[in-house]
Protein chains: 2
Amino acid sequence: MTTGKTTTKLDGDRMSAICQGIRRAILEGALFPGDRLPEDALGESFGVSRTIARHALGQLAAEGLVDLRRNRIAMVAAPTPADARDIFDIRVGLEQQVVKHLVGQLTATQIRQLKDIVQQEHDARDGPEGASIRLATEFHIKLAEMTGRPILVRYVTEICYRAGLSLSSLGRPHSSECAISEHLLLIDTIAKGPADKAAQMMADHLEAVAARALLGGEGTRTRDLVSILAPYT
Amino acid sequence: MTTGKTTTKLDGDRMSAICQGIRRAILEGALFPGDRLPEDALGESFGVSRTIARHALGQLAAEGLVDLRRNRIAMVAAPTPADARDIFDIRVGLEQQVVKHLVGQLTATQIRQLKDIVQQEHDARDGPEGASIRLATEFHIKLAEMTGRPILVRYVTEICYRAGLSLSSLGRPHSSECAISEHLLLIDTIAKGPADKAAQMMADHLEAVAARALLGGEGTRTRDLVSILAPYT
DNA sequence: AGGACAGAAAGTGCATGCAATTGCGTGATG
DNA sequence: CATCACGCAATTGCATGCACTTTCTGTCCT
């Protein structure tokens, strides 16, 4: 190993670790569309060789989070407004399926888990913006996981990350307040409410999230890859 | 290059070539769930090194077509009935979105293109089974492409391949007759019909495809990887 | 000052080599 | 005859090296 650090953290899987790190960095807005992701810098950050970093970039490209062009440095993808529209439409469709599976099926324990996440969202209200976004996303993914359908979970997860990237690319920072009350209402309606109403509510919620965010507004951020990624390694 | 053969076909991209080859082989039923895909055999088949084959396997695993476990030989994925159910539900949702975008928007040229594919399906009726499946899939993908929404296209394409794998894994060979007339009807309804009817028709069509196929029935096939893959290199 | 260009630096594309792991055949054993 | 242990062949995991491409930079010419 070239890095001096003993990175032998008994790696369950080094590659998915680096993928997950970059995914989170993107979701939380630490990595910004257009940011460069050179293979060896990545490898160094995560204590692996370029081979692994390269492989990870391939996966992320397949998920649409990274732009990969031959002989060029990988970059964080920059979704166009059309892409964002597309992504949110698909997301609505997928998450409505989640709702459909879940209506009237939530156990007390599950409701508690969901409300826990919303509580965390509430607590993180004034913290760093990234945490809010991550928790909001976590809520939706948790919901998907409760269907017990692994393939649906995979697609919802992926589209959530893409949606997050679209927002950080095209949108304003984040408005978490509304999302929180909407999430609570959503839990209730999925638990009791009629299926139609729950599905519609999910659609409205997602549309609202998309709409709330589409008003430009740039933020300056650290632009140094290694310090950006440090918290995610 | 280690292989004697001059595989220098001015590779646009060697990796996506090998992915596409395996995808098609799986879709057409040449590769069967559980079939082994050793990296060097693959590399040899496509005239590339193990590195590329490995990378390709990673992509296919992300798409759910290949099962990849640490230190184990890659295998064609073997979806469970639950997976299949999941996949078809998701597929219905996605393709209904396709229909929604397309209703009343098809140009004469597009209708012609679609009918051409159906014609080919008709012609391939008595040919090899794989061709029928491939054409039926091509119909659905073409439909998705006509929305001009690349992300939707990507998801539809992926889910179509997964659906194909599920069928070849769990289903009977294929019953193309019905699909052909249903495809024609679908074109008409998308072109003129009310949106609701078209969406419902798409749902029914996909349900029918799924239902028709769920009756077991094993076929014996060639089990030699290199000869299986030869047509796809 | 501004732009074109050459060479250096940085980065990717890919094959290969070696260590580690798996699994399979073989033979010993109850 | 079935079962288990063990060792070798097959295969993966991963880093490294080299060729080629892009990008940066400093220089020279206008």
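Chain identifiers are assigned alphabetically (A, B, ...) following the order of the sequence lines, protein sequences preceding nucleic acid strands; residue numbering begins at 1 within each chain.
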Residue pairs passing the ring pair (Phe, Tyr, Trp, His ring centres under 6.0 Å) test with at least one member in residues 49-85 of chain B, sequence neighbours excluded, are A:H55-B:H55
Q | NZ/NE/NH1/NH2 to OD/OE distance under 4.0 Å, A:E138 and A:R134 | A | yes
Between CG of B:D67 and P of D:dT12 the distance, given in whole Å, is 14 Å
### Task
State plainly whether the residues A:R72 and A:D67 are in salt-bridge range, i.e. N to O under 4.0 Å.
no
**OP:** For the pair A:Y155 and B:Y155, name the ring-plane relationship: parallel under 30°, tilted 30 to 60°, perpendicular over 60°.
**Re:** perpendicular
Here the distance between atom P of D:dT12 and atom CZ of B:R69, to the nearest Å, is 14 Å
Separation of D:dC14 atom P from B:L68 atom CG, nearest Å, is 11 Å
B:D40 has its side chain closest, among C:dG11, D:dT12, C:dG13, to D:dT12
Note to self: Check A:E207 with A:R85, please: is the shortest side-chain N to carboxylate O separation under 4.0 Å?
What the structure shows: yes
The residue, A:T51 or A:I73, whose nearest nucleotide of DNA chain C is more 5′ is A:I73
Picking from D:dA15, D:dT12, C:dT12, the nucleotide nearest the side-chain atoms of B:R54 would be D:dT12
Atom CD of B:E39 and atom P of C:dA15 are separated, to the nearest Å, by 13 Å
Against the side chain of B:S49, the closest entry in C:dA15, D:dT16, C:dT12 is C:dA15
Between CD1 of A:I52 and C1' of D:dG13 the distance, given in whole Å, is 7 Å
List every contact pair, protein side and nucleotides 20-22 of chain C side both N or O, where the distance is under 3.5 Å.
residue: C:dT21; atom: O3'; partner: B:N71; partner atom: ND2; Å: 3.4

Of the listed D:dC14, D:dT12, C:dC24, the closest approach to the B:R36 side chain comes from C:dC24
side-chain hydrogen bond (donor to acceptor under 3.5 Å, both in side chains) filter on A:R69, not counting sequence neighbours, yields none
